[in-house]
Amino acid sequence: MKRIKFLLAITGLTTPLVTAADTTIFGTLHANYGFLKDNGKSVDKVHMTGSRLGVKGFMPLSTGLEATYILEAGVDLEGGQVTTDTRQAWVGLRGQLGEVRIGRQFGATKVSSAPVDLFSDQFADYNAILESEFTYNQSLAYINKLGSLGVAIELTKDQDFSPTDTQITAVDAVVNYSQDGMYAAFATMQGKDSLKMSRLTGAYTFFDGHKVGASFERARPEGAETQGHDAFVVSGGYQSGASFLKAQYGEKKSKAGGEKESLSAVGLDYRMAKKTVLSFEYSINKNRAHLAGDQVKTTAVGLSHSF
């Protein structure tokens, strides 16, 4: 209920901005159809995550100061069930000293490693390995970019991270560097009574569009160094005209024991038009939930269109 009231308040704040600001309507339709071999059992599956529709914009308030906003809804289809959710809903102020945002926002750690995931919203999405990602319902963020260096710090009062505290329950921060195709980031998240996590990411995009990247994650429950996990993902892609050949591999090792989970994938993205991509992928996910012998193989085709 508190989340609903908070989102309604943010929506109320953004309504006058939408009518008066320089507004852009945007969205993505993303769908995949896969043939799975899940522990020997053949299954056909429709997988649709990452589809969204939103509006965003800005409105000048005075010299060097402007109001910003975004409202974005998401649609997922998993296991035959369609779910909708608010992906983002925030308002902000942007000026020479950076930008301050308040509302529902992606965590800084979540977005810090995005350049590494070449199978985003596909069956082989790296979230099966790098699973410690959050979207905060009630958060305050400060973002700034100083030349090639970017910084962001985010405070949230979501009770998911501390059932006993109603003030600041988690802090999420990132420092990144981006210039001439090179990207590097270090992010850390600290939940007051729940989780502490760090993520180190590096990526490089060549002039011809080829890509390489890697991300390393360490996650521990608060006060429990013998639990949590260590994980990494590496990826690479080769651009040739409208085709992008890609590969990705990741591992996650649980500190509590069990088998090491791995996810390997190869794929091809073919750009049919400027904003339309046809994708093919083959992936193998072993020892899900760290269970020995568990394995799913997936062959899939997907279509993505953005506007």
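The chain is numbered in sequence order, starting from 1. Atoms considered below: every heavy atom in the structure, side chains included; atoms not considered: hydrogens, waters and symmetry mates.
- The OG atom of Ser304 sits 11.5 Å away from the CE atom of Met48 when rounded to the nearest 0.5 Å.
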Candidate pair Asp269 and Lys246, rule salt bridge (charged side-chain N to carboxylate O under 4.0 Å, His left out), full reasoning = CA-CA 8 Å; Asp269 293 340; Lys246 59 188 182 180; 3.0 Å; yes

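- Partner Asp230 forms a salt bridge (Lys or Arg N to Asp or Glu O under 4.0 Å) with one of Lys253, Lys252, Arg220 and no other, that one being Arg220.
- Taking the six-membered ring wherever Trp is involved, the centroid distance between the rings of Phe134 and Phe161 falls below 6.0 Å.
- No donor-acceptor distance shorter than 3.5 angstrom exists from the side chain of Glu281 to the backbone of Val301, with no hydrogens or angles considered.
- Judged by distance alone, the side chain of Thr156 and the main-chain N or O of Asp158 form a donor-acceptor pair under 3.5 Å.
- Judged by distance alone, the side chains of Gln295 and Asn287 never bring a donor and an acceptor atom under 3.5 Å apart.
- Between the side chains of Lys37 and Ser42, at least one donor N or O lies within less than 3.5 Å of an accepting N or O.
- By the 4.0 Å N-to-carboxylate-O rule, Glu133 lies too far from Lys110 to be salt-bridged with it.
- The distance between the ring centers of Phe35 and Tyr33 falls below 6.0 angstrom.
- Checked for salt-bridge contact, Asp121 and Arg52 meet the test: a charged N lies under 4.0 Å from a carboxylate O.
- At a cut-off of 3.5 Å, with distance as the only test, no side-chain donor of Asp76 or Gln81 sits close to an acceptor on the other residue.
- Between the CG atom of Asn144 and the CG atom of Leu146 there is a distance of 4.5 Å, given to the nearest 0.5 Å.
- For the residue pair Glu217/His229, the side-chain donor-acceptor check at 3.5 Å is satisfied.
- Closest approach of Gln105 and Ala141 over heavy atoms only: OE1-CB, 3.5 Å.
- Counting only distance, with no hydrogens or angles, the side chain of Asn137 and the backbone of Arg104 share no donor-acceptor pair below 3.5 Å.
- When every heavy atom of Leu245 is checked against every heavy atom of Gly267, the shortest pair comes out as CD1-O, 3.4 Å.
- Linking ILVMFWY side-chain heavy atoms closer than 4.5 Å, directly or via other members, places Val171 and Val100 in a single hydrophobic cluster.
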